[in-house]
Amino acid sequence: MNDTLVTIIAIFLAAILMFIFPLMSLADRNDDITELTVQTATTEFIEEIRKTGKLTSERYDNFITTLASTGNAYEIELEFQILDENPGKKDTIGNSVVIGENVYYSVYTTQIEEKLSDNSSKNTYYLKEGDIVSANVKNTSTTLAQTLRSFYYKVTGNDTYIITGSSAGTVTVNGR
């Protein structure tokens, strides 16, 4: 009876070592590749905005399509910090000096998406030199690696994001 029990346990352990651990390793590697894809797409998206000074609805849709091609769902958080130059100036003969500091105000994802869907603005959000753009992307769907980790280790929770990407930069040209 002892030999049968030991044999069953040995077969069970062998199955885990032969199938489960390689599957977990493969799933982790797949998440790593997906995260690299998301980070690259996010960086290219922000760099395009920085270099052109504008965001078009076509470019935003292409970014969403690129992210969706990984097979996961994502939450995208955009923030544009618009430079609000202080209009108070002291004028002397031929010399104007800005009084005070420049201030930034923020525009967030929903406001940006509204502007992109507005036909009166030609589906384009224009920025100017000195504005700051940033994007944060995180997955909202559960990947195979998350499922396996949750099943075997009971570690992951609802707030754990495996796949993320972020990028930010200052606009270098005027968009108009």
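No experiment lies behind these values; they were computed from the predicted model shown.
For the residue pair N174 and E129, the shortest heavy atom distance occurs at OD1-N, 2.7 Å. Looking at every heavy atom in both residues, L55 comes nearest to L116 through O-CD2, 3.3 Å. Contact detail for D131 and Y104: the closest heavy-atom pair is CA-CE2, 4.5 Å. Of all heavy-atom pairs spanning Q111 and S106, the tightest one is OE1-O, 4.3 Å. For the pair K51 and T172, the tightest heavy-atom approach, listed with the atom from each and the gap, is CA-OG1, 4.2 Å.
Side-chain contact, T140 with E75: no donor N or O sits under 3.5 Å from an acceptor N or O. Residues T43 and Q39 have side chains that bring a donor and an acceptor to within less than 3.5 angstrom of each other.
Remark: F63 CZ to E44 CD distance equals 10.0 Å, nearest 0.5 Å. Here the OG-CD1 distance, from S69 to I64, works out to 12.5 Å after rounding to the nearest 0.5 Å. Taken from CD1 in I162 to OG1 in T34, the straight-line distance is 11.5 Å, to the nearest 0.5 Å. D3 CG to I8 CD1: the interatomic distance, rounded to the nearest 0.5 Å, is 11.5 Å. Put simply, OG on S141 and OH on Y74 are 6.5 Å apart, with the number rounded to the nearest 0.5 Å. One distance of note links CG of N123 with CZ of R59; it measures 16.0 Å at 0.5 Å rounding.
Criterion: ILVMFWY side-chain heavy atoms under 4.5 Å apart, direct or through other members. Under it, L83 and I46 are not part of a common hydrophobic cluster. Neither I132 nor I112 shares a network with the other; the hydrophobic side chains, linked directly or stepwise wherever heavy atoms of I, L, V, M, F, W or Y lie under 4.5 Å apart, form separate groups for each. Hydrophobic cluster membership differs between Y126 and Y105, with clusters built from Ile, Leu, Val, Met, Phe, Trp and Tyr side chains linked at under 4.5 angstrom. No single ILVMFWY cluster, assembled from side-chain heavy atoms under 4.5 Å apart, contains both I33 and L23. Connection of M24 to L26 is not established within any shared hydrophobic cluster, with ILVMFWY side chains joined at heavy-atom distances below 4.5 Å, either directly or through further cluster members.
A 4.5 Å side-chain heavy-atom check between V38 and T164 finds every atom pair outside the cut-off. The closest side-chain heavy-atom distance from L67 to I76 is below 4.5 Å. In this structure, the side chains of L144 and N30 stay at 4.5 Å or more apart for every pair of heavy atoms. In this structure, the side chains of V133 and E79 stay at 4.5 Å or more apart for every pair of heavy atoms.
More than 12 heavy atoms of other residues, nucleotides or ligands shown are found within 6.0 angstrom of NZ on K128. No more than 12 heavy atoms of other residues, nucleotides or ligands shown are found within 6.0 angstrom of CD on E58.
Using a distance-only test at 3.5 Å, with no hydrogens or angles considered, a donor-acceptor pair links the side chain of T109 to the main chain of L78. Distance alone, capped at 3.5 Å, is enough to place a donor-acceptor pair between the T124 side chain and the K122 backbone. Of the possible polar contacts, none joining the R50 side chain to the G169 backbone as a donor-acceptor pair under 3.5 Å is found.
Ring geometry for F45 against Y60 counts as tilted: the plane angle lies between 30° and 60°, on a 0 to 90° scale.
Residue pairs meeting the salt bridge (charged side-chain N to carboxylate O under 4.0 Å, His left out) criterion with at least one member in residues 10-36, sequence neighbours excluded, are D28-R149.
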